[in-house]
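In what follows, chains are A, B, ... by sequence order, proteins preceding strands, each numbered from 1.
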There are 2 protein chains.
Amino acid sequence: MQNTGSIASENFIKTIYHFQLGAGKDTRPGSIAKELGITNAAATDMARKLSQKKLIEYEKYKALKLSKSGERMALNILRKHRLWETFLHQVLGLSMHEIHREAELLEHLTSDFLADKINDYLGNPATDPHGDPIPNVDGTISMDEKSFPLHEASVDQRYMVSRLSGSDKEFFDFCHSNKIFVGSKLNVNKQYSNNKMTEIEVDGARLILNDNFSNRIYIKKDN
Amino acid sequence: MQNTGSIASENFIKTIYHFQLGAGKDTRPGSIAKELGITNAAATDMARKLSQKKLIEYEKYKALKLSKSGERMALNILRKHRLWETFLHQVLGLSMHEIHREAELLEHLTSDFLADKINDYLGNPATDPHGDPIPNVDGTISMDEKSFPLHEASVDQRYMVSRLSGSDKEFFDFCHSNKIFVGSKLNVNKQYSNNKMTEIEVDGARLILNDNFSNRIYIKKDN
DNA sequence: ATATTTTTTTAAGCTTACTTAAATTAAAAA
DNA sequence: TTTTTAATTTAAGTAAGCTTAAAAAAATAT
């Protein structure tokens, strides 16, 4: 399909996509504007333009919603982003906190042709290094419904880490030094609900995480 | 050093760099404009802007010349371009005629950090798949003075292919099917100067090339 | 040397992607 | 319900990177 959009509009579309999925965040202009570091006025303006191009559905004072072709575009960019992250990590050895930054740029100037080559080289991977699903070339994406953040877990159950969300060094350094990787097994010992903390046991060690970390570690039941 | 320039200005700077080296081509606005597919007016305008940023030296009605910092910028982009070409060819298996097209895009959104990672992965390669030198991280570049196009070669001498210039499929298909690669040995049998043709012998086969191809195959004495 | 052609430059205008400031509408609080 | 606050939209303006058209300068031909 190959994107024709500019970098600015690609990032705009991408942000709407993420906010439509991510709970808690609305897709009104101000919300998108804040994320992208532009003014509300600029976001409204962009909304009007993308609406003309039929990439979003937009009525004044309403939330923004991707159209079918807008969603296809978002998934095409997301595919490139996650293929690059996987490639940069697995092949070039970039750290978890470095891959997002670089993929964020490369995704915009990557042809469908090149994306396919990267995909082939990696053996058609299902997920990126964070555990996020890589959209397929046909614009489908497999959602992992059974995955949820650590601080929502019930106590005394065995889980597997399914996803590590984010891009800051501190978080991934913590995960690394405590052997928390995508695929790691762990046990949830206790939920300190009032203090928003979770005690887990991983690789023989007990750790107490506050929700700053625990809401970015996604897990699923380990069967 | 990390470029701050836009894609348009990076391509402009790059073109001046190539034209300053490449014999026959001048660096006046019209020449650059033609190469980039923009109008003379746009080229003059860009010249004025880049001159303000001290990236080129420019006086009205004169040829454009890169400043020291403009040249550093050009070499930084060229480094990324040639590292990508090498990587795409050697690692992802893209064909000779495909790598330029992709590198032409990626070079603009590649951080110095990532360029270094690619360089390390490839083992600090001296040349790209065309045989062109890859600029060093410090902005130096080793010029191969002894290399020249096939149609300038003296007869009955043994040569080595040092460079294959261009990006069209037809040329590289021809080279491939006749075993003409960077590093191939060949003999020049005869120069048909009037008809601008060169007869060579490579891998046991005799070939007659017209200057469309022979001026893009660079050779050097095989010692 | 003069006339013609070509190139370069300037000027005015367009689109994209922003900005700030003011006006409008919607949402929340009193 | 009315007032206040917050978000959204419109309006006007900017910079980049182009365009076409006209003017100016340089190069070429006669």
Task: Side-chain H-bond candidate by donor/acceptor type, E85(B) with H89(B), under 3.5 Å - done: no
Open item on the list: Between P on dT6(C) and CG on D26(B), what's the gap in Å once rounded to a whole number?
Closed with: 16 Å
- [ ] Could you tell me whether the phosphate oxygens of dT16(C), OP1 or OP2, come under 4.0 Å of any side-chain nitrogen or oxygen in S6(A)?
- [x] no
Open item on the list: Applying a 4.0 Å non-hydrogen cut-off, can you work out what A42(B) is touching in the nucleic acid: base, sugar-phosphate, or nothing?
Closed with: base
Open item on the list: From CD1 of I32(A) over to P of dA7(D), roughly how many Å is that when rounded to an integer?
Closed with: 14 Å
Task: Presence of salt bridge, E104(B) and K14(B), under 4.0 angstrom - done: yes
- [ ] Would you kindly give the CG-to-C1' distance between N11(A) and dC18(C), to the nearest whole Å?
- [x] 14 Å
Open item on the list: Less than 3.5 Å apart, any donor N or O on the side chain of H108(A) or N11(A) sitting next to an acceptor on the other?
Closed with: yes
TODO: Determine: side-chain N/O of Y61(A) to OP1/OP2 of dA6(D), distance under 4.0 Å, yes or no.
DONE: no
Task: Nucleotide of dA17(C), dC18(C), dT9(D) approaching T44(A) most closely (side-chain heavy atoms) - done: dT9(D)
- [ ] Using a 4.0 Å heavy-atom cut-off across all strands, classify R28(A) as base, sugar-phosphate, or nothing.
- [x] sugar-phosphate
- [ ] Please report, rounded to the nearest Å, how far the P atom of dA7(D) is from the NZ atom of K62(A).
- [x] 19 Å
- [ ] Give a yes/no on whether any side-chain N or O of K60(A) is located under 4.0 angstrom from OP1 or OP2 of dA26(C).
- [x] no
- [ ] Please report, rounded to the nearest Å, how far the P atom of dT19(C) is from the CG atom of D45(A).
- [x] 11 Å
Task: A41(A) side chain, from C-beta outward: closest of dT20(C), dG17(D), dT9(C) - done: dT20(C)
Task: Comparing P29(B) and K49(A) on DNA chain C - which has the more 5′ nearest nucleotide - done: P29(B)
Task: Phosphate-side-chain proximity, T39(B) and dT19(D), N/O vs OP1/OP2 below 4.0 Å - done: yes
Open item on the list: If I take atom CG in residue L64(A) and atom C1' in nucleotide dT9(D), what distance separates them, rounded to the nearest angstrom?
Closed with: 13 Å
Task: Nucleotide paired to dA30(C) in any strand shown, Watson-Crick or G-U, under 3.5 Å - done: dT1(D)
TODO: Flag the pair R48(A) and D45(A) as a salt bridge only when some basic side-chain nitrogen lies within less than 4.0 angstrom of an acidic carboxylate oxygen.
DONE: yes
Open item on the list: Mind checking if F12(B) touches a base, just sugar-phosphate, or nothing, with heavy atoms under 4.0 Å?
Closed with: nothing
Open item on the list: How many whole angstroms separate atom CZ of R48(B) from atom P of dT8(C)?
Closed with: 16 Å
TODO: Send over the distance from N40(B) CG to dT19(D) P, rounded to a whole Å.
DONE: 10 Å
Open item on the list: Can you tell me if Y58(A) touches the phosphate of dT9(D), counting only side-chain N or O atoms and a distance under 4.0 Å to OP1 or OP2?
Closed with: yes
Task: D116(B)/R79(B) ion pair, N-O < 4.0 Å - done: yes
